[in-house]
Participant: 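Shown below is the structure under consideration.
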Amino acid sequence: MASPTTATETIELTLPDGSVRAVARGTTPLEVARSIGRGLARAAVGAAVDGELVDLRQPLDRSGALRLITSRDPEAGIFIRHSAEHVMADAVKRLWPEVEIDVGRQDHSEKFQYDFRFPRAFTPEDLERIEAKMKEILAEDAPFERIEISRQEAAKLFAEMGERLKVERLADIPEGETITLFRHGRFTDLCRGPHVQRASQIGAVKLLEASSVYWKGDESNERLQRIYGTAFASAKDLRAYEEQLAQARARDHRRLGPELDLFSFQPEAPATPFFHPKGALIYNGLMSFVRQLQTGYGYQEVITPQILDLELWHTSGHYENYRDNMFFTEVDDRRFAVKPMNCPTHCQIFGTRLRSYRDLPIRYADFGRLHRYERSGVVTGLTRVRSFCQDDAHVFCREEQIGDEVRAMTEMILRIYDTFDFHDVEIEVSTRPEKRLGSDEVWDHAERALMEALERQGIAYQINEGDGAFYGPKIDFQVADAIGRSWQLGTIQLDYQLPQRFALTYVGEDGAEHRPVMIHRAMLGSIERFIGILIEHTAGRFPLWLAPVQAVVLPISEKFLDYGEDVHRRLVDAGLRAELDARNEKLGYRIREAQVQQVPYMVVVGAREAEAGMINVRRRSGGELGSMTPEAFIDHATELIRQRRNEL
RNA sequence: GCCGACGUAGCUCAGUGGUAGAGCAGCUGAUUCGUAAUCAGCAGGUCAGCGGUUCAAGUCCGCUCGUCGGCUCCA
């Protein structure tokens, strides 16, 4: 940050066209914009220096690549929404002057939020009033001012304003950091920015919902009231966002699942799905796929107990670290726990005999049912349930085999995602959490091993500090679905703890005992959750190989029922999941129904077909494949299924 | 778990203290039909559950269960 004494020095700013401008240290991006052109200066909402977003009024203190951001740039939303936070807080203060403001924030989506000390929950009517007030404020078009201020002055100012929460927030700002305020009209907030120049650059706002939150996210703190909203440069952008929300609602697996008769939930089993026949077909289809793939990678499937003595969970450390998420039961005066993870049982299998270094890696896969107690407020649909199964596996290997194993796992995982047309995959390495087992040296080593394995494959990753499991660091795979939402699926977790706790050893080349390393791995994550994601990704249009009903045979009328039955029989005999819909309804009606149920193929048979021994095939993607022999269709479909191809 | 909202037929919803309704789905019949909804009739409800207020409760109050949106957590 610039100070007056250094203002005479010069810094060099590289503009996007490659030109370089030498300006005095302390020059603001807005001043640079003005020197380029009045139009640009007026249109700019913010700036970026070396990719970092900065406020237009922030004095620049170092050389770098300067880019001015207008409402057309993707980053504009950051400035707009951050400014909309202030406008919302302003509106709330105008309506209820006694309310204290906390802080605003925006998440990775298009939402922003602001927390208030307010005596009750905000109602939808409150939100309407606040939104209307915000629009008044936008119409006033006050400029946003950036003000640098001393810590003492800021503390005094907010104390006088009665903003006690702000005074406390101020105390959290590290010493030595410049304290800045932003003001528009009469509203002043403690804020490091960045903001737009004028309120009117916030083209459209909409408040979304309100909820209560704990101050600083800590359950022992008092409750504040949070309001969520969104803001865009234009009403058109807001409409596009609302359209996207409507899309997401239309794909919601909690609606589509029961509608397609895949699964249901019953009050007697909260957060535990019942898979109906069609859902079970998909469930088993996914398992077979994973089974086939991982067998090729040297995995062996095991089956292990559901309920195990508490002692095992003390040994594994789950009792100490994971107890709050476990189910317990007691019988014969003996205490048991329902397994929340498979890993301890795999350690036990490993430990049943003497292992040689020649046996490693040993790769145990397990589709065992897991139960985890999740707090009632956090469960939702299939994505967060209390009973589920993972495409779980544990690899026991030698230290020097970690790289190869992680590489093979990554390859397998990316192949799986590719099959489902998840092409946008982000990889994160999560490092040691606060609550953990093991020494810092072991963690250093484990974290480095994972990163090196990725680096050797040339795979880019991000680091997620402190987000590892209690027993080791992990690699997480995040994929973006068809409408751009991100989901966590696969995970690779390194574990030096369990082999030690279960005293697992193998005999090395040197004849001495060594400790194996354990790698936990899931690819789809949990089958339940994956089905939920897949429903939303495909909007219920499952790939042919997974579609519960792959083809429905539709005789035009009763007269062709015999031929329809014959065709149906042939499809079923060829291994296709085919149904016969011979209901007394018009063809259009039954076609529509098959479309709504997302059946990939509709096989129409009438006089022309019956006579010629042909069928007429329609695809759910629209359009007829035309007349063909049943054999030709069977060949075509079975080939697509064999290759697990998506397109129809 | 906490805060808030919600719970009426299989689904979507109407019903603001005075006799529980509609559309779709279902069933029956007619129609025998060529690529996204044929017509008619019938049936369908402990208004989530339990308790309370009231002459009278789907409607007002309390509790319980469940769902949804958040907090937090996560496969």
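Convention: sequence-line order gives letters A, B, ...; per-chain numbering from 1. None of the values given here were measured: they were computed from a predicted structure.
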Participant: Mind checking A:Gly606 for me? I need base, sugar-phosphate or nothing, with any heavy atom below 4.0 Å counting as a touch.
Facilitator: base
Participant: What's the closest nucleotide to the side chain of A:Tyr589 if the choices are B:A36, B:A25, B:G66?
Facilitator: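 Out of B:A36, B:A25, B:G66, the nucleotide with an atom closest to A:Tyr589's side chain is B:A25.
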Participant: Would you check if the distance from the ring center of A:His537 to the ring center of A:Phe422 is below 6.0 Å?
Facilitator: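 Ring centroids of A:His537 and A:Phe422 are less than 6.0 Å from each other.
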Participant: Suppose we define a pair by two distances each less than 3.5 Å, Watson-Crick or G-U wobble; what does B:U72 pair with here?
Facilitator: none
Participant: Can you confirm if the aromatic rings of A:Tyr471 and A:His520 lie within a centre distance of less than 6.0 Å?
Facilitator: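 Here the rings of A:Tyr471 and A:His520 have centres that are less than 6.0 Å from each other.
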Participant: So, do A:Phe388 and B:A75 meet the stacking rule of ring centres under 5.5 Å and planes under 30°?
Facilitator: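 The base of B:A75 is stacked with A:Phe388 (centres under 5.5 Å, planes under 30°).
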Participant: Just call it for A:Leu370: base, sugar-phosphate, or nothing, with non-hydrogen atoms closer than 4.0 Å on any strand.
Facilitator: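 Answer is nothing: A:Leu370 stays at 4.0 Å or more from every strand.
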Participant: Hey, are the side chains of A:Tyr601 and A:Phe633 touching, using non-hydrogen atoms and a 4.5 Å cut-off?
Facilitator: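 Yes - at least one pair of side-chain heavy atoms lies under 4.5 Å apart.
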Participant: With a non-hydrogen cut-off below 4.0 angstrom, is A:Lys216 in contact with a base, only sugar-phosphate, or nothing?
Facilitator: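 Nothing, no heavy atom under 4.0 Å.
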Participant: In whole Å, measure the gap between the C1' atoms of B:C6 and B:C47 for me.
Facilitator: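 One C1' to the other, the span is 14 Å.
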Participant: Scan A:Val213 against the nucleic acid and name what it touches under 4.0 Å (heavy atoms): base, sugar-phosphate only, or nothing.
Facilitator: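 Answer is sugar-phosphate: A:Val213 comes under 4.0 Å of backbone atoms only.
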Participant: Starting from C1' on B:G34, measure out to CG on A:Asp581 and report it in whole angstrom.
Facilitator: 15 Å
Participant: Taking the ring of A:Phe420 and the ring of A:Phe530, is the distance between their centroids below 6.0 Å?
Facilitator: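 Yes.
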Participant: Consider the side chain of A:Arg375, meaning its heavy atoms from C-beta on, and name the nucleotide among B:C33, B:C71, B:G1 that approaches it most closely.
Facilitator: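 Of all the options, the side chain of A:Arg375 is nearest to B:G1.
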Participant: Looking at A:Pro270, is its backbone amide N or carbonyl O close enough to the side chain of A:Thr272 to form a donor-acceptor pair, meaning the two atoms are under 3.5 Å apart?
Facilitator: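 A pair under 3.5 Å: yes.
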Participant: Consider side chain to side chain contact (heavy atoms under 4.5 Å, CB included). Of A:Ile591, A:Val567, A:Leu580, A:Val603, which one does A:Leu554 pass it with?
Facilitator: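 Result for side chain to side chain contact (heavy atoms under 4.5 Å, CB included) with A:Leu554: A:Ile591.
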Participant: If you measure from the C1' atom in B:U19 to the same atom in B:C3, how many Å do you get, rounded?
Facilitator: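 Comparing C1' positions in B:U19 and B:C3 gives a spacing of 40 Å.
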Participant: What contact category does A:Glu374 fall into here, base, sugar-phosphate, or nothing, at under 4.0 angstrom with non-hydrogen atoms?
Facilitator: base
Participant: Identify whether any heavy atom of A:Gln488 sits under 4.0 Å from a base atom; if not, whether one sits that close to sugar-phosphate; answer base, sugar-phosphate or nothing.
Facilitator: sugar-phosphate
Participant: Closest to the A:Val604 side chain: B:C3, B:U35, B:C33?
Facilitator: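 Within the option list, the nearest is B:U35.
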Participant: Checking all strands, does A:Arg583 fall into the base, sugar-phosphate, or nothing category for heavy-atom contacts under 4.0 angstrom?
Facilitator: sugar-phosphate
Participant: Please classify the nucleic acid contact of A:Ala607 as base, sugar-phosphate, or nothing, using heavy-atom distances under 4.0 Å.
Facilitator: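 A:Ala607: base contact, heavy atoms under 4.0 Å.
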Participant: Could one point to a donor on the side chain of A:Arg529 or the base of B:A75 with an acceptor on the other under 3.5 Å away?
Facilitator: no
Participant: A:Arg255 or A:Pro270: which one's nearest nucleotide on RNA chain B is closer to the 5' end?
Facilitator: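 The 5'-side residue here is A:Arg255.
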Participant: Determine the Euclidean distance between corresponding C1' atoms of B:A14 and B:G58; express it in Å to zero decimal places.
Facilitator: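 Their C1' atoms lie roughly 12 Å apart.
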Participant: B:A5 pairs with which nucleotide, Watson-Crick or G-U wobble, both distances below 3.5 Å?
Facilitator: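 Its partner is B:U67.
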Participant: Can you tell whether the side chains of A:Arg169 and A:Asp102 come within less than 4.0 Å, N to carboxylate O?
Facilitator: yes
Participant: Under 4.0 Å from OP1 or OP2 of B:G1: is there any side-chain N or O of A:Tyr373 that close?
Facilitator: yes
Participant: Quick one: which of B:C71, B:A36, B:A75 gets closest to the side chain of A:Ile591?
Facilitator: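 Of all the options, the side chain of A:Ile591 is nearest to B:A36.
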Participant: Side chain of A:Glu585: nearest nucleotide among B:U38, B:G1, B:C73?
Facilitator: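 Nearest to the side-chain atoms of A:Glu585, counting from C-beta on, is B:U38.
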Participant: Report the nucleotide, chosen from B:A37, B:A75, B:G70, that has the shortest atom-to-atom distance to any side-chain atom of A:Tyr228.
Facilitator: B:G70
Participant: When all nucleic acid strands are considered with a 4.0 Å heavy-atom cut-off, which category describes A:Gln390: base, sugar-phosphate, or nothing?
Facilitator: sugar-phosphate
Participant: Got a donor-acceptor pair under 3.5 Å from the side chain of A:Glu609 to the base of B:G34?
Facilitator: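 Yes.
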Participant: Identify whether the distance between the nearest side-chain nitrogen and carboxylate oxygen of A:Arg117 and A:Glu100 falls below 4.0 Å.
Facilitator: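 Salt bridge flag = yes for A:Glu100 with A:Arg117.
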Participant: Report the nucleotide, chosen from B:A75, B:G34, B:G1, that has the shortest atom-to-atom distance to any side-chain atom of A:Val378.
Facilitator: B:G1
Participant: Just name whichever nucleotide pairs with B:U16, Watson-Crick or G-U, keeping both distances under 3.5 Å, else none.
Facilitator: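 Pair assignment: B:U16 / none.
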Participant: How is A:Ala121 classified with respect to the nucleic acid when contacts are heavy atoms under 4.0 Å: base, sugar-phosphate, or nothing?
Facilitator: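 Sugar-phosphate contact only - A:Ala121 comes under 4.0 Å of backbone atoms but never of a base.
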Participant: Rounding to a whole Å, what distance do you find between A:Phe367:CZ and B:A75:C1'?
Facilitator: 14 Å
Participant: What is the pairing partner of B:C60, taking Watson-Crick or G-U wobble pairs with both distances under 3.5 Å in any strand?
Facilitator: B:G52
Participant: On the nucleotide B:A37, are OP1 or OP2 found under 4.0 Å from the side-chain N or O atoms that A:Arg590 carries?
Facilitator: no
Participant: Name the nucleic acid region contacted by A:Tyr214, choosing base, sugar-phosphate or nothing; use a 4.0 angstrom heavy-atom cut-off, strictly under.
Facilitator: base
Participant: Among B:C3, B:C33, B:A36, which nucleotide sits nearest the side chain of A:Ser557?
Facilitator: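 Output: B:C33.
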Participant: Counting the atoms with a prime plus P, OP1 and OP2 as sugar-phosphate, which does A:Phe477 contact under 4.0 Å by heavy atoms, base, sugar-phosphate, or nothing?
Facilitator: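 Since no nucleic acid heavy atom lies under 4.0 Å of A:Phe477, the category is nothing.
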Participant: What contact category does A:Asn325 fall into here, base, sugar-phosphate, or nothing, at under 4.0 angstrom with non-hydrogen atoms?
Facilitator: nothing
Participant: Taking for each residue the nucleotide of RNA chain B with the nearest heavy atom, is it A:Arg226 or A:Tyr322 whose nucleotide lies nearer the 5' end?
Facilitator: A:Arg226
Participant: Under 3.5 Å for both donor-acceptor distances, Watson-Crick or wobble: does B:G34 have a partner, and if so which one?
Facilitator: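 Partner of B:G34: none found under 3.5 Å.
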Participant: To the nearest angstrom, how far is A:Phe265 atom CZ from B:C65 atom P?
Facilitator: 19 Å
Participant: Tell me which nucleotide, if any, is Watson-Crick or G-U wobble paired with B:C24 when both distances must be under 3.5 Å.
Facilitator: B:G10
Participant: Measure distances between side-chain N and O atoms of A:Gln595 and base N and O atoms of B:A37, and say whether any donor-acceptor pair falls under 3.5 Å.
Facilitator: no
Participant: So does A:Lys111 pair up with A:Glu209, basic N to acidic O under 4.0 Å?
Facilitator: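 A salt bridge links A:Lys111 with A:Glu209.
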Participant: Given B:C33, B:C71, B:A75, identify the nucleotide with an atom nearest to the side chain of A:Lys586.
Facilitator: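 The nucleotide sitting nearest to the side chain is B:C33.
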Participant: Does OP1 or OP2 of B:A75 have a side-chain N or O of A:Thr491 closer than 4.0 Å?
Facilitator: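 So the side-chain polar atoms of A:Thr491 never come under 4.0 Å of the phosphate oxygens OP1 or OP2 of B:A75.
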Participant: Base, sugar-phosphate or nothing for A:Arg254? Non-hydrogen atoms, less than 4.0 Å.
Facilitator: sugar-phosphate
